[in-house]
Structures are given as structure tokens and as C-alpha cells.
Number of protein chains: 2
Amino acid sequence: MTSRQEFIEKLRNSSLRPTKQRINICEVLFNRDKTFHFTINDLFNLIKDKTGEKVSLATVYNTVHAFHKKGYLKEITINSNQTYFDTNVTDHHHFFDVKEEKLIDLKNEDVGPIEIQRSIPGKKIKSVEVLVKLED
Amino acid sequence: MTSRQEFIEKLRNSSLRPTKQRINICEVLFNRDKTFHFTINDLFNLIKDKTGEKVSLATVYNTVHAFHKKGYLKEITINSNQTYFDTNVTDHHHFFDVKEEKLIDLKNEDVGPIEIQRSIPGKKIKSVEVLVKLED
DNA sequence: TAGTTGTTTATAATTATTCTAAAGAAGATT
DNA sequence: AATCTTCTTTAGAATAATTATAAACAACTA
């Protein structure tokens, strides 16, 4: 399903050579059924756990940023001291469980269309994101 | 209008003794007509400029956090490496000009009501925030 | 006024992220 | 497959935002 060939394709599309380290990163990022929300540090630790091989933190940062730039990862807007990413790159919104520091995807129909009825001259809308914070 | 007495009241309500430093912080935060968006560092520099007196960074952090906890300041959700605050504590949304790194308030009627049609058992909604990113 | 408690401050510690430069690997050329 | 060029990896240093620390000091209480 999510094969090594696909990973290599994604890497090449992102102007990255398919190295062993980057394939390992892809393995953790894309070889899964469900959406995956993570911080760089989560990912860094998972790579060690899942592949048994260590990849340097700098490489994780570089690769994730390249994927983000290419649109293979979505950056999630939360006020936290860490940056979150999402393998679900479609336009969608999030719950954020403040206590557990966990992200949950919201389908677009769970929120409904959002009409922004104001514009700023010379600027256009790049994204519209809803973040619903949850408490107990 | 926004008098020293009000500042002292806000401080007392936040369980803070009204010291010279904290009054200076209030002066910059609350003695203004329009909504004020800022980072701690903005505020830190403005205090020096506006009052001529220096307040240590730690005091600025402590005071802002106490006001935030008490509800006199609103924390804004942006994915940036800095935390933003807003003196407009009413429920409202924002534009964020990515290029200029500037926040603009959106009135609630500019966005319209947002219906969240999904719930998570045991959790309740704490806040719903829309962030509209702008590009050129 | 004295005594208790809270506050300020400079500085150190911590954390997330980016930078750097040397050693190594990938891809192209023969 | 040997060589060359270019890209990559990596550890560790650098940076930046934030939080913690502890000694000097100011506010409140009795």
C-alpha cells in the first residue's frame, strides 16, 4: 500500500534524495492508516522505536520542513510551545484537548462553511482554521 | 478614563500587589483606546519607551500571565515562535498577516456563528477560535 | 515601627529550533 | 567500477523564548 516506491517519489518531489534516514522518516509518517498528529520530538522518538535506527534531530527537522513546504504535511496552529504537524493535508479543523495535549481531527461538515465577510486591501486569504479547545 | 485606581483594582483582582513596576505595565497595556496585540517582548520594550522606567523581563512575564489567568488578557493562537496576547478579551477571531507578522481583529459578525456539530465524551468546549492567515 | 510576606531583579537553566562544518553517501560521467 | 561533484548526515554549537532561582527590597499587617 504505502510502499518504498511511494516514499521515494514523495522525497524526489520534495527535492530530496532518497536516503536511508529519509525513508525511515517516511515509514513512520506515511505507513499508517489513520491521520497522524505529531511534534518533531514525537517523530524523532518514534523513528528510533519503529525502525530501530536513529536519525539525527537535524535531519528530522529538515525533512519535515521540506515535506511541509511541498504540501505533504500540514502545520497545525496551536498555542503551545511546540509546533504540531498533521499527515492529513486536506482542509480541516481541530479539537485540541488542552489537558492531554492531544489533537483530534474535525471533519469539515462538523464545522460547516465559514464565510469571512471582511477583506484587507492587497491581501488574500491563505487559510481559514478553526481550533476548538476542549476542557474537562 | 483608565485611571491608576482601575489598574490597582485589576492587580488586586489578580492577587498582585500594586507595585510601581506593575502599574507601569498596566499603563502600557490598558491606557489606550484601541485593542492592543503584543508579544512579551513588544511590551517589554514599550514599557521602557513610554514610562522611561525599566521593568525586568521576568516581571513582565509574571504580570502578563497573572492577567491572562484572571481573564484580563487573551492569548492568541498562532503558529509562530512567539506567544501573542490581546487586550480585547471578548470572544473574537483574527486575521494574521503572515508577511508582516501582524494581527488584526475580526468582529464576530465578520465570521458569523460557528456551530461545532461533534462532541467528545467527557469534554466540553472551552473556546472556538478562527485564524485567517493572509498573504499578498 | 517591626515583622511577615510578597516582589523585583539579574542571572542561570530549560526547551524548541536553527546553524555549522566536517565526514560520508548519492548520482552523474566516464 | 573509479572518479568527481553535489547533496546529506551528524554532533555539537548558537539562538531565542520562556521559566526558575535566590538574594535584595518593597508592601502590608499588627
Side-chain angles (χ1 to χ4, degrees), chain A residues 4-5 7-28 37-48 51-70 73 75-85 101 103, chain B residues 4-5 7-28 37-48 51-70 73 75-85 101 103:
Chain A
R4 189 184 177 84
Q5 267 321 303
F7 300 158
I8 291 177
E9 212 171 288
K10 277 195 163 85
L11 288 167
R12 291 242 185 260
N13 285 340
S14 310
S15 315
L16 296 179
R17 286 183 183 170
T19 63
K20 184 161 56 87
Q21 290 87 342
R22 286 169 178 163
I23 301 271
N24 283 340
I25 293 173
C26 287
E27 203 72 58
V28 176
H37 297 119
F38 64 95
T39 65
I40 297 280
N41 217 54
D42 294 337
L43 181 54
F44 178 68
N45 290 316
L46 278 172
I47 294 163
K48 258 184 303 193
T51 70
E53 293 174 51
K54 196 196 155 207
V55 175
S56 82
L57 196 54
T59 299
V60 179
Y61 270 99
N62 291 338
T63 307
V64 165
H65 286 150
F67 281 150
H68 174 237
K69 192 174 167 193
K70 188 63 191 180
L73 291 174
E75 196 180 341
I76 312 277
T77 292
I78 299 178
N79 224 340
S80 163
N81 47 341
Q82 272 185 99
T83 303
Y84 284 77
F85 291 91
E101 290 210 327
L103 275 166
Chain B
R4 188 183 177 84
Q5 268 320 304
F7 300 159
I8 291 178
E9 212 172 288
K10 278 197 162 83
L11 286 167
R12 291 238 184 264
N13 286 340
S14 309
S15 315
L16 296 178
R17 286 182 182 168
T19 63
K20 183 160 56 83
Q21 289 87 343
R22 286 171 179 161
I23 302 272
N24 283 341
I25 292 173
C26 287
E27 204 73 57
V28 176
H37 296 120
F38 63 96
T39 65
I40 297 281
N41 217 54
D42 294 338
L43 181 55
F44 178 69
N45 290 317
L46 278 172
I47 294 163
K48 258 183 303 194
T51 70
E53 294 174 51
K54 196 197 154 206
V55 175
S56 82
L57 196 55
T59 299
V60 179
Y61 269 100
N62 292 338
T63 307
V64 165
H65 286 150
F67 281 151
H68 174 238
K69 192 174 166 191
K70 187 64 189 179
L73 291 174
E75 196 180 342
I76 312 276
T77 290
I78 299 178
N79 225 340
S80 162
N81 48 338
Q82 270 183 102
T83 302
Y84 284 77
F85 291 90
E101 289 210 328
L103 275 166

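Here is how names work: the chains are called A, B, and so on, in the same order as the sequence lines, proteins then strands, and each is numbered from 1.
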At under 4.0 Å between heavy atoms, how does the protein contact nucleotides 16-30 of chain C? Give one character per nucleotide, 5' to 3', with B, S or -. SBBB------BS---
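In this structure a side-chain-to-backbone donor-acceptor pair under 3.5 Å is present from A:T51 to A:E53. Without hydrogens or angle criteria, B:R22 side chain to B:R17 main chain gives a donor-acceptor distance under 3.5 Å.
Considering only heavy atoms from C-beta on, B:N41 stays 4.5 Å or farther from B:V60 through its side chain. Here the side chains of B:K69 and B:S14 are not in contact, with every heavy-atom distance at 4.5 Å or above. Residues B:K48 and B:N45 form a side-chain contact, since some pair of their non-hydrogen atoms from C-beta on lies under 4.5 Å apart.
Comparing the end axes of the helix from C:dT1-D:dA30 to C:dT30-D:dA1, each fitted to five base pairs by superposing C1' atoms of four pairs onto the next four, gives an inter-axis angle of 30° (nearest 10 degrees).
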Could you check A:T59 against A:I25 for side-chain contact (heavy atoms from CB on, under 4.5 Å), going step by step and ending with a plain yes or no? CA-CA 9 Å; A:T59 299; A:I25 293 173; 4.2 Å; yes
Test side-chain contact (heavy atoms from CB on, under 4.5 Å) on B:N81 and A:T83 and set out the steps. CA-CA 9 Å; B:N81 48 338; A:T83 303; over 6 Å; no
Steps toward side-chain contact (heavy atoms from CB on, under 4.5 Å) verdict (B:L73, B:F38): CA-CA 11 Å; B:L73 291 174; B:F38 63 96; 4.0 Å; yes
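Between B:N62 atom CG and C:dT9 atom P there is a gap of 11 Å when expressed in whole angstrom units. Between the P atom of C:dT15 and the CZ atom of A:F44 lies a distance of 15 Å, rounded to the nearest Å.
Between B:F67 and B:C26 the shortest heavy-atom distance is CZ-SG, 3.7 Å. Between B:K54 and B:F44, the shortest heavy-atom contact is CE-CZ, 4.2 Å.
For B:S56, no side-chain nitrogen or oxygen approaches OP1 or OP2 of C:dT8 to under 4.0 Å.
Nucleotides of DNA chain D that come within less than 4.0 Å of any heavy atom of chain B span, from the 5' end to the 3' end, D:dA17 to D:dC28.
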